[in-house]
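So that the names make sense, note that chain A is the first sequence line, chain B the second, and so on, each numbered from 1.
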Amino acid sequence: MAVKKFEDVCDILDRQGRNPARLIPVLQEVQKIYGYLPEEVLTFIATSLDLPPARVYGVATFYAHFTLEPKGRYVFRLCDGTACHVKGSSDILNALRDKLGLSEEQDTTSDKMFTVETVSCLGACGLAPVMTVNESVYGQVTPEKATEVIDEIVKNEEDNG
Amino acid sequence: MNKEIENTLFVNGQTVEIADEPNLLEVIRKANIDLPTFCYHSELSLYGACRLCIVELEGKGVVASCSVQPEPGMEVRTHTAALREMRRTTLELLLANHPQACTTCAKNTQCKLQDLAQRFGIEDVVFNRPVKERPIDDSNPALVRDPNKCVLCGDCVRFCAEVQNVGAIDFANRGAQVTVTPAYNKGLGDVACVFCGQCAAVCPTGAITPNSAEQDVMAAIDDPETTVVAQLAPALRVALGEEFGYDPGTSVTWQMVAALKRLGFDKVYDTSFAADLTVIEEAGEFIERMDEGGERLPQFTSCCPAWIKTAEHFSPDLLPHLSSCRSPQQMFGSLARRTLPEQLNTTPEKLVVVSIMPCTAKKYEATREEFHQNGKPDVDHVLTTRELAGIIRGAGLRFQDLEPESFDLPLGFKSGAGVIFGNSGGVSEAVVRYAHEKVTGERSPEVDVHAVRGEEGVREAQISMGDRTVRMAVVHGLANAQRLTEQVRQGTCPYDFIEVMACPGGCIGGAGQPVSFDENIRQKRKAGLYAVDKGLQVHHPQDNPYVAASYRDAIGEIGGEEAHDMLHTTYKTRQRIAGQELSLANSEATGQQLEVDVCLGTSCFLKGSQDLLQALAKYINTNELGEHVEVKASFCHQKCGRGPVVKIGDKTFEHADFDTVRGTIDEVMQNS
């Protein structure tokens with residue numbers, strides 16, 4: 001509902017008083033609406049807050065939380081913090097990327113089903129290596145376990161038509 | 001404490017007085033110690049990022065001197081072994097991230113990083129280059145961005161935001177990926193960059209440089225079929241010499257002409273001639289606007305292409321306030337293309353017009369479609385002062401030993417008024433020299449108009465012309481200009497005539513000028529131009545016999561139809577990000593829907609287009625019209641004076657309000 005989304009963006013801007021200092025909360029809320037930050041919406045936010053688009057782009061690219069690309073339906077967040085890294089998270093990352101044909105440059109499948117990204121720490125080092133898929137947490141992951149999760153999702157999707 | 005001690009501190013044991021220096025770095029410089037720095041610029045805000053100006057402060061350890069308030073009694077050491085080692089390491093790390101291709105870099109021999117590496121005796125880059133090669137941005141005729149050479153000092157970002165209030169570039173990403181870039185990683189040509197080039201002027205390395213036209217110009221000279229003529233900007237003559245060891249501000253006019261002839265230019269003319277024309281047209285226009293009652297006052301000058309682009313991006317509602325006069329470069333181009341082929345026994349197609357300018361925005365200005373005739377630009381190529389110096393060196397000419405030569409006639413003859421155009425305040429002074437006589441019938445007893453000269457970013461002057469008083473403002477720096485446009489919008493602007501130059505000090509401080517580390521460089525060049533004016537026989541544009549002849553033979557009446565065709569232009573509004581629109585479609589476009597396009601450009605936005613769009617969106621939702629109506633927002637319909645602008649189907653509504661728009665949609669819906 002593009003119209004509804006636009007109205008929501010306007011509401012957010014109004015609630016934040018069109019205050020340029022409130023840029024980050026604005027971006028957070030807007031990302032909730034779209035799932036990502038579309039460029040033209042960023043330009044609109046820049047105009048509304050009287051900031052140059054380059055500044056807004058700078059803030060949006062600084063924080064790992066913000067994304068300018070639409071994400072897949074299933075977002076794999078693989079922890080690459082110290083503990084997980086030591087326990088072999090790179091192998092898991094490679095396995096996931098190989099399976100889905102993704103790379104560092106392209107983190108989302110072209111059918112927008114899967115996104116694979118790394119995060120610095122999920123705060124569950126005891127379970128290392130850790131991975132989350134949307135809201136579910138997987139501990140002591142191995143490359144095999146990780147790719148099985150993909151197989152399961154694909155199967156469920158197929159079963160549900 | 002006695003007064004002497006109260007106001008002093010110690011630099012390496014030497015006593016140094018504290019005057020009103022804003023930071024410790026400036027005090028240390030006063031002690032004749034040149035502390036290295038990338039990110040400190042007295043005109044910009046403090047950044048404290050490069051860590052090269054570090055010093056040891058007794059009791060406090062190592063601090064960045066740019067970010068410390070000087071205090072009496074401080075004991076400062078500037079080159080201890082520990083400091084030298086830290087600076088070396090910082091430089092080595094910067095060099096590790098930097099391409100090692102100095103010899104082929106546009107900034108070679110004028111690069112601060114190169115200079116410091118030499119000063120600190122770095123002979124080997126000990127770290128490996130970790131970052132991947134980033135693409136070069138040459139999306140526009142004015143500037144080239146090579147992010148690989150960036151040291152992230154942020155000077156360009158701060159200049160663009162603080163002095164120009166443009167904000168075309170900023171830092172993006174984080175960690176090792178940090179880069180300075182336009183929004184969305186677009187090219188500078190696709191965003192609201194105004195090409196003033198001051199980013200390149202403050203860049204300590206070759207990360208932003210003017211887009212060189214040297215090869216194109218040499219190719220034109222080598223082509224036996226073409227006749228190549230040059231026009232030389234006023235500000236060039238007092239700066240080019242710096243490249244060949246002359247003191248800043250020394251006029252090298254005649255050697256410069258000689259050098260161009262030796263290089264193979266067929267004729268060498270002076271842009272100051274066209275500046276004389278500009279004065280006459282622009283002052284005529286101004287007097288007309290005063291006579292009509294002042295609705296189109298204040299009149300802004302239009303010589304500076306960076307300022308024009310700024311107005312087109314950020315003040316589209318005020319475009320009628322701009323003088324419609326072309327800049328001297330383009331007046332020259334227009335006149336040259338029309339009149340020179342016959343004089344030089346060639347055709348307009350085979351005439352190549354080369355401008356040599358202190359400016360990067362002029363490169364872009366020459367490509368504007370308004371300045372094309374029959375698909376060919378009036379000005380074919382634009383070189384900067386530095387590029388010309390490069391060509392002269394490349395040809396092996398011994399500049400200092402050249403026999404002086406003079407400009408070719410007729411387009412090489414000028415009055416002093418046309419020469420001082422290169423200084424901030426020069427256009428205003430030239431206009432006064434001409435307009436005073438035009439308005440009162442008498443020449444002002446004083447030639448010089450000291451009231452408009454000076455250094456400050458905004459200067460004002462009240463000039464009496466008979467029973468009229470003209471209220472003038474002279475500004476340089478685009479942030480200053482934008483403060484005045486805001487006043488015009490609010491109806492509080494107290495001026496009739498406003499001269500705007502984008503670069504500090506006017507064209508003499510342009511981004512195409514030689515790189516200089518001399519803090520007083522602008523004052524010296526400025527004084528040089530005023531001295532050139534003094535040395536000329538003619539100081540008033542109306543006394544230039546060749547200008548009079550041009551009106552008689554080619555242009556016709558001052559401000560007449562022919563003059564408008566040749567010497568004036570039009571402006572257009574520009575989007576901040578080229579080609580963006582915001583689709584509010586509820587469902588996939590079927591091509592069958594009624595398209596409603598609401599402008600959300602700056603001007604319409606200020607006039608309430610967002611409320612309109614919101615109300616419209618709500619209306620469509622409540623009445624479930626989503627399948628039949630596709631609403632979108634675009635960022636400029638280029639009718640900014642008449643906003644909010646809404647397009648419904650193929651109809652355009654100006655000054656639109658919600659009821660009109662709703663009514664039209666209902667009507668279309670009922671009919672279908």
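Classified by interplanar angle (parallel below 30°, tilted 30° to 60°, perpendicular above 60°), the ring pair B/Y47/B/F171 is parallel.
Inspection of the A/N94 and A/R97 side chains reveals no N or O donor paired with an N or O acceptor under 3.5 Å. Side-chain contact, A/T43 with B/Y184: a donor N or O sits under 3.5 Å from an acceptor N or O. A/E69 and A/T108 form no side-chain donor-acceptor contact under 3.5 Å, judged by distance and modelled atom types alone.
For B/V166, the part lying near chain A is the backbone, with the side chain staying farther off; criterion is any non-hydrogen pair under 4.5 Å. For B/A192, no part sits under 4.5 Å from any heavy atom of chain A, backbone or side chain. For a residue to count as touching a neighbouring chain, one of its non-hydrogen atoms must lie under 4.5 Å from one of that chain's; by this rule A/L51 touches chain B with the backbone only. Using a 4.5 Å cut-off between heavy atoms, B/I577 contacts chain A through its side chain alone, with no backbone atom that close.
Note on A/S48, A/P52, A/A54: by heavy-atom pairs under 4.5 Å with chain B, the leading option is A/A54. Among A/P38, A/G58, A/A64, the residue with the largest count of heavy-atom pairs under 4.5 Å with chain B is A/G58.
Distance alone, capped at 3.5 Å, is enough to place a donor-acceptor pair between the B/Q482 side chain and the B/N165 backbone. Judged by distance alone, the side chain of A/E29 and the main-chain N or O of A/Q31 form no donor-acceptor pair under 3.5 Å. Judged by distance alone, the side chain of A/N134 and the main-chain N or O of A/R73 form a donor-acceptor pair under 3.5 Å.
Contacts of residues 9-23 of chain A with chain B at a heavy-atom distance below 4.5 Å involve A/C10, A/D11, A/R18, listed in sequence order.
A salt bridge links B/R145 to B/D137: at least one charged side-chain nitrogen sits closer than 4.0 Å to a carboxylate oxygen. Between A/D151 and A/K155 there is no salt bridge, since none of the side-chain N atoms of the basic residue sits less than 4.0 Å from a carboxylate O of the acidic one.
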